[in-house]
Amino acid sequence: MEARAAQRRSEELFRTIFDRAPLGIALADSLTRRYVAVNPRFARIAGRTVDELVNLDWTTITHPDDVRRNLNKIALLNTGNISGFQVEKRYLQPDGTTIWVKLTVTPMPSDDDAPRHHLAMVEDVTERKRSEEMLRQSNDRLRSLSGRLLDIQETERRHLARELHDEIGQALTAAKINLQSLQRYPDPTAVTSRLADSVRIVERALQQVRSLSLSLRPPLLDDLGLAAALRWLVDESARRTGTRVEFQDGVSDSRFDPATEIACFRIAQEALNNIDKHSGARNVTLNLQVQRSEEHTSELQSRQYIV
């Protein structure tokens, strides 16, 4: 009688914990997939009553896209290949609402050590999933805006480079020609020195304009591609800074989409500028190569190493 009383108290304690647990708890038949018992919290998560869920097949309330994965896990559980599993899945409520849950499943041992029932503990994670989806959408919009901003910047750079070359460059060239023509007068002795100095000034201005135009948007990037533009960038950096820059070309004459080529060129350009300003390095290697991802898609990478 004392043993039976102790067992009764233990069962009452278990029932109290089962009914008041903050997590959804369900006991299901491992073979028929029907619920044997569920607690009130599980019923609220599923959007049904306890009586509606008892003897109901758990696949009935599971999103169709998640059923096959769950069945495979249960099969492994029944054969003893796994001791339990945890997944995130979707439940369908009677009104058509889809909710996300975190499901933890463990087998309930029987007398012959063969699990005939499994215990499922469920936590509603719908709000977290919604927050994750909102964050993903925000990140997608941010990437889209960043790409748009880059396109606008490149358009402005191209326009400015064209203006520098066509307008200012032509004006300086004309001024240089005019100054040089004055030197051919019969007796230019009085103005020879000043004209020569003016010619040198204009030549320097022309060189600066050409350099600025190429830095803003090198024509090689559009005409010959990334490798040729980076080779020019390396030569210019070495000439300007005195740093020994080695360019390792792993793509040859391959062409990529314009956005990729522009991004890689700007990364290399900024890296070389930072090296010149901050590192004090005298030897630099710029390595351009293509790496294949597991899905066999091409991903262009530009890497800079300071030796």
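Residues: numbered from 1 along the sequence shown.
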Item to check | Same cluster (ILVMFWY, side-chain, under 4.5 Å), L286 and W232 | outcome: yes
Checklist entry - In Å, rounded to the nearest 0.5 Å, how long is the span from OG1 of T59 to CG of D66? => result 12.0 Å
Checklist entry - Just by modelled atom types, is the I25 backbone N or O under 3.5 Å from a matching donor or acceptor in the N39 side chain? => result yes
Item to check | Trace of the side-chain hydrogen bond (donor to acceptor under 3.5 Å, both in side chains) decision for T260 with D257 | outcome: CA-CA 6 Å; T260 299; D257 64 274; 2.7 Å; yes
Checklist entry - Are any side-chain N or O atoms of E246 and backbone N or O atoms of T285, one a donor and one an acceptor, separated by less than 3.5 Å? => result no
Next on the checklist: Which heavy atom of Q93 sits nearest to which heavy atom of R48, and what is that distance?
Outcome noted: CA-NH1, 4.0 Å
Item to check | Main-chain N/O of Q269 paired to N273 side chain as donor or acceptor, under 3.5 Å | outcome: yes
Checklist entry - Does CZ in R136 sit with more than 12 non-hydrogen atoms of other residues, nucleotides or ligands closer than 6.0 Å? => result yes
Next on the checklist: Minimum heavy-atom separation for S30 and H118, please, with both atom names.
Outcome noted: OG-ND1, 3.3 Å
Checklist entry - side chain to side chain contact (heavy atoms under 4.5 Å, CB included) between R244 and R282: does it pass, once the steps are laid out? => result CA-CA 6 Å; R244 181 180 176 272; R282 306 309 303 166; over 6 Å; no
Checklist entry - Any donor-acceptor pair under 3.5 Å linking the side chain of S237 with the backbone of V234? => result no
Next on the checklist: How close do L288 and A227 get, counting heavy atoms only, and between which atoms?
Outcome noted: CD2-CA, 4.2 Å
Checklist entry - Counting heavy atoms not belonging to R255, are there more than 12 under 6.0 Å from its CZ? => result yes
Checklist outcome for this item: One should read off an interatomic distance between T106 OG1 and H117 NE2, to the nearest 0.5 angstrom, of 13.0 Å
Item to check | Pairwise distance CZ(F85) to CG(L77) - rounded to 0.5 angstrom | outcome: 6.5 Å
Next on the checklist: Is it true that, when you exclude K89 itself, more than 12 heavy atoms of the residues, nucleotides or ligands shown sit nearer than 6.0 Å to its NZ?
Outcome noted: yes
Checklist entry - If two hydrophobic side chains count as joined below 4.5 Å and joins carry through other members, does L23 share a cluster with L103? => result no
Item to check | Side-chain (S131) to main-chain (E127) donor-acceptor, under 3.5 angstrom | outcome: yes
Checklist outcome for this item: Heavy-atom nearest pair, P107 first then S83, reads CD-O, 3.1 Å
Checklist entry - Where is the tightest heavy-atom contact between I45 and I99, given as atom of each residue plus distance? => result O-CD1, 2.8 Å
Checklist entry - Stepwise, does the side chain to side chain contact (heavy atoms under 4.5 Å, CB included) test hold for K129 with E88? => result CA-CA 10 Å; K129 281 290 186 178; E88 289 188 352; 2.9 Å; yes
Next on the checklist: Using 0.5 Å steps for rounding, measure from the CH2 atom of W100 to the OG1 atom of T126.
Outcome noted: 9.5 Å
Checklist entry - Would you say T243's side chain and V245's backbone share a donor-acceptor pair under 3.5 angstrom? => result no
Next on the checklist: If you apply the rule side chain to side chain contact (heavy atoms under 4.5 Å, CB included), what do you find for E270 with N274, and how did you get there?
Outcome noted: CA-CA 6 Å; E270 186 64 22; N274 287 338; 3.5 Å; yes
Item to check | L230 versus A268, closest heavy-atom pair with distance | outcome: CD2-CB, 3.6 Å
Next on the checklist: Apply side chain to side chain contact (heavy atoms under 4.5 Å, CB included) to residues W58 and L53 and explain how you reach the verdict.
Outcome noted: CA-CA 8 Å; W58 59 259; L53 287 169; over 6 Å; no
Checklist entry - Any ion pair linking D124 and R44 (charged N to carboxylate O, less than 4.0 Å)? => result no
Checklist entry - So do I61 and L56 actually touch side chain to side chain, heavy atoms under 4.5 Å? => result yes
Checklist entry - If you round to the nearest 0.5 Å, how far is CE of M108 from CZ of R116? => result 13.0 Å
Checklist entry - With under 30° as parallel and over 60° as perpendicular, where do the rings of Y35 and F42 fit, or are they tilted in between? => result perpendicular
Donor-acceptor pairs under 3.5 Å, side chain of residues 142-149 to any protein atom, not counting sequence neighbours: which ones?
{"unit_1": "R143", "atom_1": "NH2", "unit_2": "D140", "atom_2": "OD1", "d": "2.2"}
{"unit_1": "S146", "atom_1": "OG", "unit_2": "L142", "atom_2": "O", "d": "2.9"}

Item to check | Distance (rounded to the nearest 0.5 Å) between L119 CG and T104 OG1 | outcome: 10.0 Å
Checklist outcome for this item: Hits for side-chain contact (heavy atoms from CB on, under 4.5 Å) against R34, two or more places apart or cross-chain, chain-then-number order -> T32
Checklist entry - Among all residues two or more places apart in sequence or in another chain, which pass the side-chain contact (heavy atoms from CB on, under 4.5 Å) test with Q137? => result E133, R141
Item to check | T79 versus N81, side-chain donor and acceptor atoms under 3.5 Å | outcome: yes
Next on the checklist: When you measure from the side chain of S138 to the backbone of M134, do you find a donor-acceptor pair of N or O atoms at a distance under 3.5 Å?
Outcome noted: yes
Item to check | Same apolar cluster: L92 and V87, side chain cutoff 4.5 Å | outcome: no
Checklist entry - Thinking salt bridges, do D249 and R231 make one under a 4.0 Å N-O criterion? => result yes
Next on the checklist: I want to check something: taking the side chain as every heavy atom from C-beta on, are V105 and K73 in contact at a cut-off of under 4.5 Å?
Outcome noted: no
